[in-house]
> 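This is the structure, below, for whatever I ask next.
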Amino acid sequence: MWFASALITILAWGTADLFYKKGNNIKDPHSAMKTTIMVGLVMGVHAIGYYGIYEGVQYDWHNLLLYLPVSGMYILSMAIGYFGLRYIEVSISSPISNSSGAVTALLGFLFLGNSLKSLQFVAITLILVGILLLSIFEKEADDLELKKEGVKIDAKYRVGAVAILFPILYMVIDGLGTFLDSYYLEYKNIMPEDQANMSYELTFLIVALVLWAYLAFVKKERFALFHERDKGLAAIFETLGQFFYIGAISSKEAVITAPLISSYAIVSVILGRIFLKERLKAKHYIVIAAIMIGIAILGFYDG
């Protein structure tokens with residue numbers, strides 16, 4: 001069952017990335033906010049409908065505040081990721097974002113006394129060097145495009161070159177969230193997994209409702225919930241992946257499951273190439289492959 005759950009997670013999260021990109025309308029300044037709202041609503045329905053009603057979990061509302069630092073990191077990283085996708089290919093964004101395990105491993109080493117094998121340090125270096133190279137490639141491509149258009153390279157035209165900062169921020173903040181998650185659930189055993197996941201999804205629901213109210217009453221903009229097909233599908237696949245991820249990662253095969261699930265970035269790259277017609281150069285794919293190898297090494301040697 002763990003293997004089936006892992007495969008469903010890989011396909012679900014890889015597909016979610018595709019619809020995140022498709023649903024990110026560059027002409028709509030509130031597009032990323034609407035995506036955040038949609039994901040929060042679907043996760044809230046899952047928390048209340050599945051955990052609360054179907055499973056009958058007795059939720060302790062005190063955990064909502066207790067788990068807030070973890071939920072906050074996860075939600076903030078995702079919101080930044082949604083915003084950044086309007087400026088960068090999902091084929092580049094997803095592998096970088098999915099490198100958050102390197103941040104978690106370093107934080108565990110520095111603050112929790114976790115040991116890191118030499119091969120894990122090599123993997124972290126591989127990931128960081130890969131991200132640096134992708135950053136350089138993006139800047140070179142952006143400068144070349146502006147030069148062809150006869151545009152003087154000026155600070156105000158740097159959106160393309162700095163776009164890679166969004167997945168990097170996602171990586172750092174999500175890695176911090178995973179580190180805190182590990183501290184809460186494994187190091188200190190502060191609460192059970194179902195309470196933690198409900199806290200995360202209910203917090204996301206509250207954020208969604210606050211943002212929806214902000215759009216309606218401050219920005220005077222109507223959010224047509226049932227007309228946002230791509231955002232809705234992204235939210236559904238995100239939540240589906242989250243559900244099966246918990247089942248897969250809590251199995252006895254967690255050491256194998258972690259690197260397996262991390263490979264969903266490959267699905268994102270493939271889907272981006274097929275459906276979004278994203279075309280990268282050979283050097284991009286070489287560096288992305290190196291990053292994925294680094295992620296796999298961290299996963300296989302986790303714990």
Side-chain angles (χ1 to χ4, degrees), residues 1-24 32 34-51 54-55 71 74-75 77-82 84-85 89-101 167 170-171 174 177-178 181 193-194 196-198 200-202 204-205 208 228-251 253-254 256-276 278 288 292 295-296 299:
M1 287 299 293
W2 70 268
F3 186 71
S5 296
L7 286 181
I8 293 172
T9 302
I10 291 168
L11 294 173
W13 279 350
T15 306
D17 275 355
L18 170 68
F19 285 109
Y20 281 139
K21 180 64 175 179
K22 287 186 67 178
N24 212 323
K34 291 174 182 176
T35 301
T36 306
I37 292 171
M38 188 69 79
V39 175
L41 292 176
V42 173
M43 284 198 174
V45 169
H46 178 256
I48 297 170
Y50 179 76
Y51 286 113
Y54 181 75
E55 290 286 336
S71 301
Y74 284 148
I75 295 169
S77 66
M78 291 175 75
I80 290 173
Y82 302 152
L85 274 175
E89 295 91 340
V90 70
S91 304
I92 293 176
S93 175
S94 187
I96 295 175
S97 300
N98 209 30
S99 301
S100 57
Y170 177 103
M171 177 191 74
D174 184 70
T178 305
D181 209 4
E193 284 187 5
D194 58 355
N197 201 47
M198 281 190 75
Y200 166 57
E201 293 187 336
L202 290 172
F204 218 140
L205 173 61
E228 297 285 356
R229 176 178 173 274
D230 289 331
K231 291 181 176 64
L233 287 171
I236 290 170
F237 280 112
E238 178 71 41
T239 307
L240 179 68
Q242 177 72 16
F243 174 77
F244 281 98
Y245 170 79
I246 294 170
I249 208 69
S250 60
S251 72
E253 307 294 336
I256 302 174
T257 306
L260 182 63
I261 290 177
S262 70
S263 67
Y264 84 85
I266 297 176
V267 176
S268 303
V269 173
I270 294 172
L271 293 179
R273 184 176 179 87
I274 295 173
F275 294 102
L276 302 179
E278 294 182 350
I288 288 170
M292 294 307 303
I295 292 171

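Side-chain atoms are counted along with the backbone in the values below, which use heavy atoms only and exclude waters and symmetry mates.
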> Would a distance-only check, ignoring hydrogens and angles, find a side-chain to backbone donor-acceptor pair under 3.5 Å from E228 to M38?
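Such a contact is absent between E228 side chain and M38 backbone.
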> For K21 and G272, indicate whether the former's side chain and the latter's backbone hold a donor-acceptor pair under 3.5 Å.
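Side chain of K21 to backbone of G272: no pair is present.
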> Write down the atom of I295, the atom of S99, and the distance for their closest heavy-atom approach.
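Reported closest heavy-atom pair: CD1-OG, 3.8 Å.
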> Looking at side-chain heavy atoms only, is the closest gap between N24 and T35 below 4.5 Å?
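In short, these two side chains do not touch, never coming nearer than 4.5 Å.
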> Tell me yes or no: between the side chains of Y51 and E201, is some donor less than 3.5 Å from an acceptor?
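Short answer, no.
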> Passes side chain to side chain contact (heavy atoms under 4.5 Å, CB included), L202 versus I48? Steps please.
CA-CA 8 Å; L202 290 172; I48 297 170; 4.1 Å; yes
> A side-chain contact here means heavy atoms from C-beta on lying under 4.5 Å apart; do I246 and E193 qualify?
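Counting from C-beta outward, I246 and E193 do come under 4.5 Å.
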> Give the intermediate values and the outcome of side chain to side chain contact (heavy atoms under 4.5 Å, CB included) for residues V42 and E238.
CA-CA 9 Å; V42 173; E238 178 71 41; over 6 Å; no
> Identify the heavy atoms of E278 and V90 that sit nearest to each other, and give their distance.
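Shortest heavy-atom contact: OE2-N, 3.0 Å.
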> Is the closest side-chain heavy-atom distance between N197 and Q242 below 4.5 Å?
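A side-chain contact under 4.5 Å exists here.
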> Under 4.5 Å between any side-chain heavy atoms of F237 and L18, yes or no?
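Sidechains of L18 and F237: no contact.
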> Quick one: sort the Y82 and Y20 rings into parallel, tilted or perpendicular, breaks at 30° and 60°.
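Ring orientation of Y82 relative to Y20: tilted.
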> Start with the C-alpha distance between I75 and Y200, add both sets of side-chain angles, then the distance that settles side chain to side chain contact (heavy atoms under 4.5 Å, CB included), and finish with yes or no.
CA-CA 8 Å; I75 295 169; Y200 166 57; 4.0 Å; yes
> Does some side-chain heavy atom of K22 sit less than 4.5 Å from a side-chain heavy atom of F275?
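Counting from C-beta outward, F275 and K22 never come under 4.5 Å.
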> Hey, what do you get for CG (L240) to CG (L233), rounding to the nearest 0.5 Å?
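Atom-to-atom, L240:CG and L233:CG are 11.5 Å apart.
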> At their closest point, which heavy atom of P95 faces which heavy atom of I288, and how far apart are they?
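Shortest heavy-atom separation between P95 and I288 comes out as CG-CG2, 3.7 Å.
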> Mind listing the closest non-hydrogen atom pair of S94 and D17 along with its distance?
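Shortest heavy-atom contact: OG-OD2, 2.8 Å.
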> If every non-hydrogen atom of A235 is compared with every non-hydrogen atom of V39, which pair is closest and at what distance?
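Result for this residue pair: CB-CA, 3.6 Å.
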> T178 and Y74: which non-hydrogen atoms are nearest, and at how many Å?
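Smallest heavy-atom distance, with atoms named: CA-OH, 3.3 Å.
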> Kindly indicate, with the supporting measurements, whether the criterion side chain to side chain contact (heavy atoms under 4.5 Å, CB included) is fulfilled by F204 and M78.
CA-CA 11 Å; F204 218 140; M78 291 175 75; 3.8 Å; yes
> Is S77 reaching over with its side chain to a backbone N or O of Y170, donor-acceptor style, under 3.5 angstrom?
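No.
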> I'd like to check S100 versus M171 (side-chain heavy atoms, cut-off strictly below 4.5 Å). Are they in contact?
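S100 vs M171: side chains touch.
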> With heavy-atom distances below 4.5 Å as the criterion, would you say the side chains of E55 and Y50 are in contact?
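Heavy-atom side-chain distance check passes, below 4.5 Å.
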> I want to check something: taking the side chain as every heavy atom from C-beta on, are F243 and I8 in contact at a cut-off of under 4.5 Å?
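Contact flag for F243/I8 side chains = no.
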